[in-house]
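Below: the structure, in structure tokens.
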Number of protein chains: 2
Amino acid sequence: MDLIYIITMKKNLHVNKALDLLKSSPLKVTSQRTRLIEILFKNGDHHFTAEDVHKEVDKNKYKISLATIYNCLNQFTKHDILKSVRLSSDKIYFDTNTKAHHHFFCVSTEKLSDIKSSDVEISNLPTIPKDKKLKSVEVVVNISD
Amino acid sequence: MDLIYIITMKKNLHVNKALDLLKSSPLKVTSQRTRLIEILFKNGDHHFTAEDVHKEVDKNKYKISLATIYNCLNQFTKHDILKSVRLSSDKIYFDTNTKAHHHFFCVSTEKLSDIKSSDVEISNLPTIPKDKKLKSVEVVVNISD
DNA sequence: TCTTAAATTAGAATTATTCTAATTTAATGT
DNA sequence: ACATTAAATTAGAATAATTCTAATTTAAGA
């Protein structure tokens, strides 16, 4: 009995980290947000669209409306719990890895995957136009089957 | 009178190049396509959305439907007369420069501009996943006011 | 000129996403 | 514990860019 109890207590590290980020953000900790974080972070770094999340929510028989899914993904992105990525796709992708890094995008499967930072290096950062400030540098390597 | 005639004959180099591409493509040369190319290429390399083109068409009092503008931009892209670019924007951008190159995107003004190829260099191209083939490498430097 | 496949068009449809406005809830102060 | 209030959730409507449909027109080759 004690053993079962211990196993139940064992929480996923990535989930806990994301929950901590949520707690230390100005966002309120709601059951929807907690459940979404559990779904999104349980398998470590990965990539998904709002529709992917919607399907996973349904599969888990959670009742979280699509509007809430969009709200949460956007709020999480704003507060650095997620990162969003735009590609040659009509959908917005989200990434649990919020650190600066780059991506492969397979145009056949529409799947996104990380490029290790060490695997790509930009040797000549171009000069930013006068009066503008740098936001981010995104490298997308488009691949196909 | 002869002089006026000569000036009228003087055609824009970029426009002529694009018209030649159209002629040597399998696409039919229609008045709509010719007019669009004249509008798009008259000022050399630049960037625009379908809506930008729609406004310019209206300004020139041409009657080209929005459906045709979309059809043409897509066909031109497919046949390498234009190139399309996706960014952290809900709109698709088109570029008269079809050669491989990179972009600044200003998130404040939503304007796209070219980065000279010589101004950015990727020193370590990451290893493409097995069974996939490389399509393109796109570097977007997001900037803001 | 005839033929035919391609192009154009208006307007409807689609799709991802955002908005609205009513209801519920979390967190704070009493 | 309880009341207050701002934030969150929700269903469904709205939006906006883009694509589709199906009827008409046109370019280009026989």
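Chain identifiers are assigned alphabetically (A, B, ...) following the order of the sequence lines, protein sequences preceding nucleic acid strands; residue numbering begins at 1 within each chain.
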Test side chain to side chain contact (heavy atoms under 4.5 Å, CB included) on A/Asp145 and A/Cys106 and set out the steps. CA-CA 7 Å; A/Asp145 282 335; A/Cys106 181; 4.2 Å; yes

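Salt-bridge formation is detected for the pair A/Glu110/A/Lys91: a Lys NZ or Arg NE/NH1/NH2 atom is positioned less than 4.0 Å from an Asp or Glu carboxylate oxygen. Between B/Glu56 and B/Lys59, at least one side-chain N (NZ, or NE/NH1/NH2) sits under 4.0 Å from a carboxylate O, which counts as a salt bridge.
The B/Ala67 side chain lies nearest to D/dC20 when the options are D/dC20, D/dA11, D/dA28. When distances are taken from the side chain of B/Arg33 to each of C/dA5, C/dT8, D/dT9, the shortest belongs to C/dT8. For B/Leu66, whose side chain is taken as the heavy atoms from C-beta onward, the closest listed nucleotide among D/dT18, D/dT10, C/dT9 is D/dT18. Minimum atom distance to the side chain of B/Lys28 is reached by C/dA5, of the listed D/dT18, C/dA5, C/dA26. The side chain of A/Ser65 lies closest to D/dT10 when the candidates are D/dA8, D/dT10, C/dA10. Side chain of B/Val29, nearest nucleotide from C/dT9, D/dA28, D/dT10: D/dA28.
Straight-line distance from the OH atom of A/Tyr62 to the P atom of D/dT9: 15 Å, rounded to whole Å. Spacing between atom NZ of B/Lys55 and atom P of D/dA17 amounts to 9 Å, rounded to whole angstrom units. Rounded to whole angstrom, the span from the NZ atom of B/Lys23 across to the C1' atom of D/dA28 amounts to 15 Å. What separates NE2 of A/His79 from P of D/dA7 is a distance of 11 Å, to the nearest Å. The nearest whole Å value for the distance from the CD atom in A/Glu110 to the P atom in C/dT15 is 13 Å. As a whole-Å value, the separation of B/Phe94 CZ from D/dA17 P is 13 Å. Remark: P of D/dA27 and CG of B/Leu27 are 14 Å apart, rounded to the nearest angstrom. Atom CG in B/Leu22 sits roughly 9 Å away from atom P in D/dA28 (whole-Å rounding).
Within 4.0 Å (heavy atoms only), B/Lys91 reaches sugar-phosphate atoms of the nucleic acid but no base atom.
Of the two residues near DNA chain D, B/Thr49 and B/Ser31, the one whose nearest nucleotide lies more 5' is B/Thr49. Taking for each of B/Arg86 and B/Thr30 the nucleotide of DNA chain D with the nearest heavy atom, the 5'-most of the two is the partner of B/Arg86.
For the segment residues 68-78 of chain B, the set of residues with a heavy atom within less than 4.0 Å of an atom of DNA chain D comprises B/Tyr70, B/Asn74, in numerical order.
Residue B/Phe94 holds its CZ atom at 12.5 Å from CD1 of B/Ile81, rounded to the nearest 0.5 Å. One distance of note links CD1 of A/Ile39 with CG of A/Asp52; it measures 11.5 Å at 0.5 Å rounding.
Test A/Asn142, A/Val141, A/Val107, A/Ile143 against B/Ser136 for side-chain contact (heavy atoms from CB on, under 4.5 Å) and you get one pass: A/Asn142.
Ring pair A/His47/A/His101 is tilted by interplanar angle, where 30° to 60° counts as tilted.
Using a 4.0 Å cut-off, no side-chain N or O of A/Gln32 falls inside it from OP1 or OP2 of C/dT24.
If you check the side chains of B/Thr98 and B/Asp80, you find no donor sitting under 3.5 Å from an acceptor.
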